[in-house]
A.B. asks: 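Before I ask anything, let me first share the structure, which is written out below as structure tokens.
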Amino acid sequence: MSFLEDLFSLKGKVALLTGGAGVLAGAIGRGLARAGARVVFTDYRPPAERLEARLQALRAEGLEVYGEQMDVLKREEIEAAAERVRREIGPVTILVNLAGGNLPEATVGPERSFFDLPLEALEKVVALNLFGGAILPSQIFARQMVEAGEGVILNVSSMAAFRPLSRVVGYAAAKAAVNNFTRWLAVHLAREYSPRIRVNAIAPGFFLTEQNRFLLLDEQGNLTPRGRAILARTPMGRFGDPEDLVGTVIWLASPASAFVTGIVVPVDGGFDADSGV
């Protein structure tokens, strides 16, 4: 094994991804598997349809991947999945918290002002992105890392955590909380359990996913006004491709970042750095 292969190798590790049916999870999971990890994709639906097709495609490449049903907002389901994975595959020492999203009802727009946002919708968005998207899976899978004496938790933040974006009030607040939780948990696990358990986050910029494609492109594939405004503030002049996340994730999951914990890394084409002046 060469120096670089050894530095970034994940051989023998078990990596588990929440939100496993998503576009970003597909690219990240494939990257982790190509780096040597055994990768478990989890989703709140049974591993069927799109996720099953993904697993078959990755297995055809010779990669070791698995699927598990797990609702990140139900502790009992997370605990059951964690025990199954430990028993059948091995203890999870890489957790990538990709589950998250937004709701129209928690978004300001022409049909709904800030004053009319229902508390129930805001609570659901915060619960999905903060509790299900970071805290609950970390509570359960970090136990396996403590027992193993090492591990990596990687949360997924957003540009909305750094620069509150118009309209997405609940989502922005939840992702800002994910940033804070990432830093808190990094200190807590290192001091109380093991300095070899690290916690970091990535903050993707604007990627063309199923969740936001309709906001960025119209039905003809042309930029919407919002899409044009985003690219005007992105120095690299394009939207992200899911593959653009892979290198950063492998770096944070591998020995290459052994002295890195408690940070949030923007992967945004320079969006956060641009003052607009």
A.B. asks: Testing Leu103, Val108, Val125, Asn102 one by one against Val168 for a side chain to side chain contact (heavy atoms under 4.5 Å, CB included), which residue passes?
C.D. replies: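 When Leu103, Val108, Val125, Asn102 are each tested with Val168, the side chain to side chain contact (heavy atoms under 4.5 Å, CB included) holds only for Asn102.
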
A.B. asks: Hydrophobic cluster membership, with links at side-chain heavy-atom distances under 4.5 Å among I/L/V/M/F/W/Y: are Leu32 and Val23 in one?
C.D. replies: no

A.B. asks: Taking all non-hydrogen atoms of both residues into account, name the closest pair between Gln144 and Ala82 and its distance.
C.D. replies: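 Looking at all heavy atoms of both residues, the shortest contact is NE2-O, 3.1 Å.
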
A.B. asks: Looking at Thr93 and Lys13, what are the two nearest heavy atoms and their distance?
C.D. replies: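 For Thr93 versus Lys13, the nearest heavy atoms are OG1-CD, 3.7 Å.
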
A.B. asks: Could I get the full list of side chain to side chain contact (heavy atoms under 4.5 Å, CB included) partners for Asp272, not counting sequence neighbours?
C.D. replies: Met159, Phe162, Arg163, Asp268

A.B. asks: Around atom CD of Glu219, are there more than 12 heavy atoms of other residues, nucleotides or ligands at under 6.0 Å?
C.D. replies: no

A.B. asks: Under 3.5 Å, side chain of Asp218 to main-chain N/O of Asn222, donor-acceptor pair present?
C.D. replies: yes

A.B. asks: Atom CE in Met70, atom CG in Leu17: separation rounded to 0.5 Å?
C.D. replies: 10.0 Å

A.B. asks: Does some side-chain heavy atom of Val39 sit less than 4.5 Å from a side-chain heavy atom of Leu58?
C.D. replies: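 Leu58 does not reach Val39 side chain to side chain.
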
A.B. asks: Checking His188 against Tyr193 for the side chain to side chain contact (heavy atoms under 4.5 Å, CB included) test, could you report, in this order, the C-alpha distance in whole Å, the side-chain angles of both residues, the deciding distance, and whether it holds?
C.D. replies: CA-CA 8 Å; His188 179 72; Tyr193 298 98; 3.7 Å; yes

A.B. asks: Report the distance from atom CZ of Arg198 to atom CG of Leu185, rounding to the nearest 0.5 Å.
C.D. replies: 13.0 Å

A.B. asks: With sequence neighbours excluded, what pairs up with Val14 under the side chain to side chain contact (heavy atoms under 4.5 Å, CB included) test?
C.D. replies: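 Here the qualifying residues are Arg38, Val40, Val85, Ile89, Val92.
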
A.B. asks: Evaluate the side-chain proximity of Pro204 to Val267: yes if any heavy-atom separation is below 4.5 Å, no if none is.
C.D. replies: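 Not touching, per the 4.5 Å side-chain cut-off.
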
A.B. asks: For Asn179 versus Ser157, what's the shortest heavy-atom pair and its separation?
C.D. replies: OD1-OG, 2.5 Å

A.B. asks: Test your reading of the model: is there a side-chain donor-acceptor pair from Arg54 to the backbone of Phe41, 3.5 Å cut-off?
C.D. replies: no

A.B. asks: Do Leu223 and Leu216 make a side-chain contact, defined as non-hydrogen atoms from C-beta onward lying under 4.5 Å apart?
C.D. replies: no

A.B. asks: State which residues pass side chain to side chain contact (heavy atoms under 4.5 Å, CB included) with Glu83; sequence neighbours excluded, sorted by chain then number.
C.D. replies: Arg86, Arg87

A.B. asks: Report yes if some heavy atom in the side chain of Val146 is under 4.5 Å from a heavy atom in the side chain of Ile197; otherwise report no.
C.D. replies: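 SC-SC contact between Val146 and Ile197 confirmed.
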
A.B. asks: Pick one: which of Leu252, Leu245, Ile250 meets side chain to side chain contact (heavy atoms under 4.5 Å, CB included) with Thr248?
C.D. replies: Leu252

A.B. asks: Does any N or O in the side chain of Asn200 come within less than 3.5 Å of the main-chain N or O of Leu154, such that one atom is a donor and the other an acceptor?
C.D. replies: no

A.B. asks: With a 4.5 Å limit on heavy-atom distance, are the side chains of Phe271 and Met236 in contact?
C.D. replies: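 Heavy-atom side-chain distance check fails, nothing below 4.5 Å.
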
A.B. asks: Between Arg112 and Leu117 (side chain of the first, backbone of the second, donor and acceptor by atom type, cut-off under 3.5 Å), is there such a pair?
C.D. replies: no

A.B. asks: Is a side-chain donor or acceptor of Lys11 paired with a backbone partner of Asp6 at a separation under 3.5 angstrom?
C.D. replies: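 No, the answer is negative, given that no donor and acceptor are paired below the 3.5 Å cut-off.
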
A.B. asks: Does Ala99 offer a backbone N or O that forms a donor-acceptor pair with the side chain of Thr18 under 3.5 Å?
C.D. replies: yes

A.B. asks: State whether the side chain of Ser194 and the backbone N or O of Glu150 hold a donor-acceptor pair below 3.5 Å, judged by distance alone.
C.D. replies: no

A.B. asks: Tell me whether the count of non-hydrogen atoms from other residues, nucleotides or ligands lying under 6.0 Å of CZ in Arg183 goes above 12.
C.D. replies: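 At most 12 heavy atoms, drawn from other residues, nucleotides or ligands, come within 6.0 Å of this atom.
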
A.B. asks: Is there side-chain contact between Thr42 and Glu77, with heavy atoms separated by less than 4.5 Å?
C.D. replies: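 The answer is no, as the side chains (C-beta and beyond) never meet within the 4.5 Å cut-off.
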
A.B. asks: If the threshold is 4.0 Å, N to carboxylate O, is there a salt bridge linking Glu147 and Arg143?
C.D. replies: no

A.B. asks: If you compare all heavy atoms of Asn155 against all heavy atoms of Asn97, which two are closest, and at what distance to 0.1 Å?
C.D. replies: OD1-ND2, 2.8 Å

A.B. asks: Taking the side chain as everything from C-beta on, heavy atoms only, tell me whether Leu55 gets closer than 4.5 Å to Tyr66.
C.D. replies: no

A.B. asks: Heavy atoms only: give me the nearest Ala203-Val264 pair and the separation to one decimal.
C.D. replies: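 Heavy-atom minimum between the residues: CB-CG1, 4.0 Å.
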
A.B. asks: Do Asp244 side-chain atoms and Asp241 backbone N/O form a donor-acceptor pair below 3.5 Å?
C.D. replies: yes

A.B. asks: Hey, does the side chain of Arg75 reach the backbone of Leu136 with a donor-acceptor pair shorter than 3.5 angstrom?
C.D. replies: no

A.B. asks: In Å, rounded to the nearest 0.5 Å, how long is the span from CD1 of Ile230 to CZ of Phe239?
C.D. replies: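 Between Ile230 CD1 and Phe239 CZ, I get 5.5 Å after rounding to 0.5 Å.
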
A.B. asks: Given the rule in the salt bridge (charged side-chain N to carboxylate O under 4.0 Å, His left out) test, do Lys124 and Glu105 qualify, once you have shown the distances and angles that lead to the verdict?
C.D. replies: CA-CA 10 Å; Lys124 287 181 179 178; Glu105 297 83 3; over 6 Å; no

A.B. asks: I'd like to know if the side chain of Asn129 reaches the main chain of Gly101, judged simply by a donor and an acceptor atom lying under 3.5 Å from each other, with no hydrogens or angles considered.
C.D. replies: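 Yes: the side chain of Asn129 pairs with the backbone of Gly101.
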
A.B. asks: Looking at every non-hydrogen atom in both residues, tell me the closest pair between Gly19 and Ala25 and how far apart they are.
C.D. replies: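 Minimum heavy-atom separation between Gly19 and Ala25: O-CB, 3.4 Å.
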
A.B. asks: Quick check on Glu61: does its CD atom have over 12 non-hydrogen neighbours (other residues, nucleotides or ligands) under 6.0 Å away?
C.D. replies: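 Yes, the 6.0 Å shell around CD holds more than 12 heavy atoms from other groups.
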
A.B. asks: Hey, what do you get for CZ (Arg226) to CZ (Phe206), rounding to the nearest 0.5 Å?
C.D. replies: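 Answer rounded to 0.5 Å: 6.5 Å.
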
A.B. asks: Is there a path from Ile78 to Val152 through hydrophobic residues (I, L, V, M, F, W, Y) whose side chains come within less than 4.5 Å of each other?
C.D. replies: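 Not linked; separate clusters.
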
